[in-house]
> 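Take this structure, written in structure tokens, and hold onto it; I'll ask about it next.
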Amino acid sequence: MTQRLYLHVGAPKSGTTYLQQVLEANRARLASDGVLVVGERHLDRIHAAMVVREDPRLDHLPERARTSWRRLVEQVTAWRGESAVLSYELFAGASAEQVAAALADLAGIEVHVVITARDLGSAVPSAWQERLKFALTTPLERWKPRPESAGARAEWGWRTMDPAGVAARWGAGLPPERVHVVTVPRSAADDHELWRRFAAACRIDAPGLQLDVERANASLGLVAAELLRRVNEKVREPITGNREQARWLRDTLAHGVLVDLDREPIGLTDRQFADASSRSTEAVAALREAGYTVHGDLDDIVATRREARTPGQATDTELLAVAVEAIVRLLELVRERTLAGGAAVSPEAEEGSRLAVLGKGVVRRVTAPRVDARAEDLRARVAELEAEVARSRALHLRVAELTDVVTELLMPPRSTDGRVVAKALNTYRSESL
């Protein structure tokens, strides 16, 4: 059994995807240093969090999903290395009772809880965007993050975004030095500072790790976000329910099309900023008082407010421009999938295959500039090779003709015909030289 488990429980939109990509990219290297990255499939970690939170949606998923937490625990207990890291952001929503049950399953292991936290002002529009991807129609100006009392399924609200509340639930049965708060650096001057803070929390001391992983930017710009909200107002059957909404609104429309059409940042209302400011001040005070181990600066989570419009200020002209471009991109996606022979995934298909099939067109579009450039390089190289082949063929022809001449010249004089030799020489001079 391993000595320690570092359980990274959130919060959402606090650099968790980047950290998970670094862990995955260095899985083998970390294992050689005695660190297990728990869960070979991201889907297993998603389902494990659902099990811990007693999510009723599990009733409609395969048996493998319902046993995911048990299987991850078995991986941890079977590991003979020094430590293990299990990371998924929506563990953050678990209640105190659900946390106690999960930690009981890990009895005998020194569990450390790791919580990543960001500027709570910027967390508000991020949470609103995530709700848009599941058919939210409420304008940002009238939207409030769900309160802590909304329950374990309130994935995009203060229950998961407020680090003090997450730490209080997950750290209730642990010594404060085993609760680690990792703040997201306010400045982006150093791309890898967040990883260094996280690695320090998890006692990962492995030089030479691959840190330059692809960073998926799934944030919508202001106009694109407002367009998605208006689309949601018109969406009806069969695009209802989490699975259908995730497939079409989130993966296809938001991540596959709209994310690249607009980069304008999203602002906050006065009310929202005041709420985030109050909560962040209280969170900083609570975290300091609790005596948790902090990696970074707690001031990084104090709410700030950028000078930016709110989505309701997007003009009809701006929305029309993005809508037209979105239609063009959707046509390209439909064409790509049609030419590739891709069929729609049935609801009975395995969960993982859904994202794989939907991702093909998106990946092709995202990587198209690089692929096109590479294809152009290959076409130029093919042209060079074809020219080289033509030159080689011409050379071979000249050599063959010269061989004929030499053969005639080397034959015994009596057996040669001077006229034949002369003709061969003239042909070689005129056509080969």
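Note that this is a predicted model, so its numbers are computed, not measured. Hydrogens, waters and symmetry mates play no part in the numbers below; they use all other heavy atoms, side chains included.
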> State, yes or no, whether a side-chain contact exists between Asp270 and Arg305 at a heavy-atom distance under 4.5 Å.
yes
> Indicate the atoms forming the closest heavy-atom contact of Ala276 with Gly121, along with that distance.
CB-CA, 4.0 Å
> Would you indicate whether the side-chain heavy atoms of Lys144 and Arg271 approach each other to under 4.5 Å?
yes
> What I'd like to find out is whether the side chain of Val124 reaches to under 4.5 Å of the side chain of Trp143, using heavy atoms alone.
yes
> Looking at Asp44 and Arg64, is there a salt bridge between them, counting it only when a charged N and a carboxylate O are closer than 4.0 Å?
yes
> Output yes when Glu24 and Arg27 qualify as a salt bridge under the 4.0 Å nitrogen-oxygen rule, no when they do not.
yes
> Return yes if a side-chain donor-acceptor contact under 3.5 Å exists between His47 and Tyr88, otherwise no.
no
> What verdict does the side chain to side chain contact (heavy atoms under 4.5 Å, CB included) test give for Gln245 and Lys133, after you've listed the backbone C-alpha separation in whole Å, the side-chain angles of each residue and the deciding distance to 0.1 Å?
CA-CA 7 Å; Gln245 290 164 354; Lys133 297 167 189 176; over 6 Å; no
> Is there a donor-acceptor pair closer than 3.5 Å between any side-chain N or O of Ser278 and the backbone N or O of Ala274?
no
> Would Leu23 and Ser87 count as a side chain to side chain contact (heavy atoms under 4.5 Å, CB included) here? Give the steps.
CA-CA 9 Å; Leu23 289 170; Ser87 172; 4.2 Å; yes
> Can you tell me how far the CG atom of Leu72 sits from the CG atom of Leu5, to the nearest 0.5 Å?
10.0 Å
> How long is the span from the OG1 atom in Thr252 to the CG atom in Leu249, to the nearest 0.5 Å?
8.5 Å
> Atom NZ in Lys234, atom CD1 in Ile239: separation rounded to 0.5 Å?
14.5 Å
> Please check: side-chain N/O of Arg329 versus main-chain N/O of Gly256, any donor-acceptor pairing under 3.5 Å?
no
> Could you walk me through whether Glu282 and Arg279 pass salt bridge (charged side-chain N to carboxylate O under 4.0 Å, His left out), step by step?
CA-CA 5 Å; Glu282 292 172 2; Arg279 287 180 177 276; 5.9 Å; no
> My understanding is that only residues two or more places apart in sequence, or in another chain, count here; which of them pass side chain to side chain contact (heavy atoms under 4.5 Å, CB included) with Glu318?
Val223, Arg309, Ala314, Thr315
> State whether the number of non-hydrogen atoms from other residues, nucleotides or ligands found under 6.0 Å of Glu40 atom CD is greater than 12.
no
> Run through Lys13, Gln20, His8 and flag the one making a side-chain hydrogen bond (donor to acceptor under 3.5 Å, both in side chains) with Glu89.
Gln20
> Side chains of Leu209 and Trp195: closer than 4.5 Å at any heavy-atom pair?
yes
> For the pair Arg229 (side chain) and Leu140 (backbone), establish whether a donor and an acceptor sit closer than 3.5 Å, ignoring hydrogens and angles.
no
> Considering all heavy atoms of both residues, which atom of Trp170 and which atom of Ala94 are nearest to each other, and what is their separation?
CZ2-CB, 4.0 Å
> Between the side chain of Asp33 and the main-chain N/O of Val35, is any donor-acceptor distance below 3.5 Å?
no
> Counting N and O atoms only, with roles assigned by atom type, does the side chain of Trp79 sit under 3.5 Å from a partner on the main chain of Gln3, one being a donor and the other an acceptor?
no
> Please test Tyr6 against Ile204 for side chain to side chain contact (heavy atoms under 4.5 Å, CB included), starting from the C-alpha separation and ending with a verdict.
CA-CA 10 Å; Tyr6 293 94; Ile204 295 175; over 6 Å; no
> Closer than 3.5 angstrom, by distance alone: can the side chain of Gln129 be matched with the main-chain N or O of Ser219 as a donor-acceptor pair?
no
> Compare every heavy atom of Ala246 with every heavy atom of Arg250, then report the nearest pair and how far apart it is.
CB-O, 3.4 Å
> Output the distance between atom CD (Glu332) and atom CD1 (Ile327), rounded to the nearest 0.5 Å.
12.5 Å
> Tell me the closest heavy-atom pair linking Gly10 and Ala92, and the distance in Å.
CA-CB, 4.4 Å
> Starting at OG1 of Thr310, measure out to CG of Leu222 and round the result to the nearest 0.5 Å.
7.0 Å
> I'd like to know if the side chain of Ser83 reaches the main chain of Thr2, judged simply by a donor and an acceptor atom lying under 3.5 Å from each other, with no hydrogens or angles considered.
no
> Heavy-atom distance under 4.5 Å between the side chains of Asp260 and Arg263, does that happen here?
yes
> Kindly say whether Leu261 contributes a backbone atom to a donor-acceptor pair with the side chain of Glu325 at under 3.5 angstrom?
no
> What pair of heavy atoms forms the shortest contact from Thr116 to Ser14, and how long is it?
OG1-OG, 2.7 Å
> Might you confirm whether atom CG of Asp205 has over 12 heavy atoms from other residues, nucleotides or ligands at distances under 6.0 Å?
no
> Is the number of heavy atoms from other residues, nucleotides or ligands within 6.0 Å of CZ (Arg335) greater than 12?
no
> Report the relative orientation of the aromatic rings in His192 and Tyr18; use parallel for angles under 30°, tilted for 30 to 60°, perpendicular for over 60°.
parallel
> Would you call Asp119 and Ser280 a side-chain contact if the rule is heavy atoms closer than 4.5 Å?
no
> If every non-hydrogen atom of Arg57 is compared with every non-hydrogen atom of Asp55, which pair is closest and at what distance?
NH2-OD2, 2.6 Å
> Side chains of Glu74 and Thr67: does their closest heavy-atom pair fall under 4.5 Å?
no
> Is it true that a side-chain atom of Arg186 and a backbone atom of Val302 form a donor plus acceptor pair closer than 3.5 Å?
yes
> Less than 4.0 angstrom from a charged side-chain N to a carboxylate O is my criterion; do Arg230 and Glu233 meet it?
no
> For the pair Leu253 and Leu258, evaluate side chain to side chain contact (heavy atoms under 4.5 Å, CB included) and give the outcome as yes or no after the intermediate values.
CA-CA 6 Å; Leu253 182 55; Leu258 295 177; 3.9 Å; yes
> Between Asp297 and Arg197, does at least one N-O distance fall below 4.0 Å, as a salt bridge requires?
no
> Run the side chain to side chain contact (heavy atoms under 4.5 Å, CB included) test against Ala167 and tell me which residues pass, sequence neighbours left out.
Ile115, Val179, Leu287, Tyr292
> Would you say Asp300 and Val184 make side-chain contact, with heavy atoms under 4.5 Å?
no
> So, does Gln75 use its side chain to make a donor-acceptor pair with the main chain of Gly39 at under 3.5 Å?
yes
> For the CD atom on Gln210, are there more than 12 heavy atoms of other groups (residues, nucleotides or ligands in this structure) within a distance under 6.0 Å?
yes
> Rounded to the nearest 0.5 Å, what separation is found between the OG1 atom of Thr293 and the CZ atom of Arg178?
11.0 Å
> Evaluate the salt bridge (charged side-chain N to carboxylate O under 4.0 Å, His left out) criterion for residues Asp162 and Arg169: first the C-alpha distance (whole Å), next the side-chain angles of each, then the deciding distance (0.1 Å), finally the verdict.
CA-CA 11 Å; Asp162 185 339; Arg169 293 193 304 276; over 6 Å; no
> Check the side chains of Ser126 and Arg118 for a donor-acceptor pair under 3.5 angstrom, ignoring hydrogens and angles.
yes
> Does this structure show an ion pair linking Arg196 with Glu193, if we count only N-O contacts that are shorter than 4.0 Å?
yes
